[in-house]
Amino acid sequence: MPALVPPAVAKWHFVEEKARAVLDAYAHREVRPATGDPASSPEGVLAGNEDAALVTLAEAYLSHPSPAPAVARWYGLGPGFGPLGRPHGLTVALFGEGSVGALAELAALAMTVLRETELPPQRLSLTVEGDPSGQLSALLEALGERPQSADSPGASPILHLALARPSAPPLWLGTVARRDSIVAKLGGSVAALGWVLDLEAVVAALPEEDAGYLPGLSIVVAPPGPPARAPARGRAGRQRR
């Protein structure tokens, strides 16, 4: 991804701030990789897989300096937390809980993030795969979602997030699923759920121009001539503070 400069970066700020607000409401807390150690999949663990960003959160949980909480709601935001081929994204994980109800709540969290970024809600879709009993779909409906169903007998439940586009295939945004295998490959045995959201796709899908996301100016100080510039700077400084 090329360097982000104004006003394009303002749209990213908007999406990231909306995501953080939702994550705070769902009691998810941020994890940042060790300094100088970018978020990436260690050799032999899901290398080249879109779940690689989840490995960083799983490693952090398993190497917690003090006893890790029984249930941890964590996320990573920014470079290294996107899906395969997308360096910038949002990765969310829930460790210590693997119930169908928790999976439904995690999917509702993802849909809430997408709606808060102001993507057209009527074009967002949540497809449930591997739910023959309909239990997961019923839980999602209780949470206010309208899931679609896709047949996949015998498979573990997977939820696909997508955005419908005119005259184009749906835009894939992320997948919500059990992630126990990630923890197991790292030597742990705790239940895990998670998803990786393609923020680059979300930003690209927002309809408004980049400049529309720039913060507005509340005050403009305009000195009438050179002698007034010094006091004007002082006035501007006080207003900024």
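All residue numbers refer to positions in the sequence shown, counting from 1.
Leu186 and Trp74 fall within the same hydrophobic cluster, defined by Ile, Leu, Val, Met, Phe, Trp and Tyr side-chain heavy atoms under 4.5 Å apart, directly or through other members. Note: the hydrophobic cluster containing Val100 does not contain Ile158 (ILVMFWY, side chain heavy atoms under 4.5 Å, direct or indirect links). No continuous path of hydrophobic side-chain contacts links Leu206 to Leu214 [ILVMFWY only; heavy atoms under 4.5 Å].
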Apply salt bridge (charged side-chain N to carboxylate O under 4.0 Å, His left out) to Arg115 and Glu145, showing your working. CA-CA 12 Å; Arg115 283 192 292 266; Glu145 303 298 336; 2.8 Å; yes

Would you sort out whether Leu173 and Leu124 count as a side-chain contact (heavy atoms from CB on, under 4.5 Å), showing the intermediate values? CA-CA 10 Å; Leu173 298 174; Leu124 288 171; 4.1 Å; yes

Can you check side-chain contact (heavy atoms from CB on, under 4.5 Å) on Leu23 and Leu109, steps first, answer last? CA-CA 8 Å; Leu23 291 159; Leu109 164 59; 4.1 Å; yes

Residues Val55, Glu59; criterion side-chain contact (heavy atoms from CB on, under 4.5 Å); working and verdict: CA-CA 6 Å; Val55 174; Glu59 284 189 311; 4.1 Å; yes

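Annotation: side chain of Leu159 is in contact with side chain of Leu140 (closest heavy-atom distance under 4.5 Å). Within the 4.5 Å cutoff, no side-chain heavy atoms of Leu161 are placed close to those of Thr175. Looking at Glu200 and Val203, their side chains never come closer than 4.5 Å, going by heavy atoms from C-beta outward. Looking at Glu105 and Leu143, their side chains come closer than 4.5 Å, going by heavy atoms from C-beta outward. When side chains are defined from C-beta on, Val190 does not count as touching Asp180, because their heavy atoms never get closer than 4.5 Å. Two residues are said to be in side-chain contact when any heavy atoms from C-beta on lie closer than 4.5 Å; Val196 and Asp198 fail this criterion. You'll find the side chain of Val176 reaches within 4.5 Å of the side chain of Leu103, heavy atoms only. Residues Leu126 and Gln148 are not in side-chain contact: their nearest non-hydrogen atoms beyond the backbone lie 4.5 Å or more apart.
Distance check, rounded to the nearest 0.5 Å: CG of Leu90 to CD of Glu30 gives 9.5 Å. One distance of note links NE2 of His160 with CH2 of Trp172; it measures 10.0 Å at 0.5 Å rounding. The CZ atom of Phe14 sits 8.0 Å away from the CD atom of Glu208 when rounded to the nearest 0.5 Å. Once rounded to the nearest 0.5 Å, the distance linking CE of Met111 with OG of Ser125 reads 7.0 Å. Taking OG1 from Thr117 and CD from Glu16, the interatomic distance works out to 12.0 Å, rounded to the nearest 0.5 Å. Distance OG/Ser218 to CZ/Arg240: 10.0 Å, rounded to 0.5 Å.
Ring geometry, Tyr61 versus Phe95: the interplanar angle falls under 30°, so the pair is classed parallel (tilted spans 30 to 60°).
For the pair Arg123 (side chain) and Leu163 (backbone), a donor-acceptor distance under 3.5 Å is absent. In this structure, the side chain of Asp131 engages the main chain of Leu136 through a donor-acceptor pair within 3.5 Å. At distances below 3.5 Å, at least one donor-acceptor pair connects side-chain atoms of Thr91 with backbone N or O atoms of Phe81. With hydrogens and angles disregarded, no donor-acceptor distance shorter than 3.5 Å links the side chain of Ser137 to the backbone of Gly134.
Around the CZ atom of Arg235, the shell of radius 6.0 Å holds no more than 12 heavy atoms that belong to other residues, nucleotides or ligands. Annotation: Arg29, atom CZ; neighbour count of heavy atoms from other residues, nucleotides and ligands within 6.0 Å is above 12.
Closest heavy-atom contact between Ala53 and Gly80: CB-O, 3.7 Å. Smallest separation of non-hydrogen atoms from Leu54 and Val92: CD2-O, 3.5 Å. When all heavy atoms of Ala102 and Leu94 are compared, the closest pair comes out as CB-CD2, 3.8 Å. Nearest heavy atoms, Arg20 versus Tyr75: NH1-OH, 3.1 Å. Scanning both residues, Ala191 and Arg178, for their nearest heavy atoms gives CB-NH2, 4.2 Å. The shortest heavy-atom contact between Val71 and Gly96 is CG2-O, 3.8 Å.
Of the listed residues (Arg73, His28, Glu97), just one forms a side-chain contact (heavy atoms from CB on, under 4.5 Å) with Leu106, and that residue is His28.
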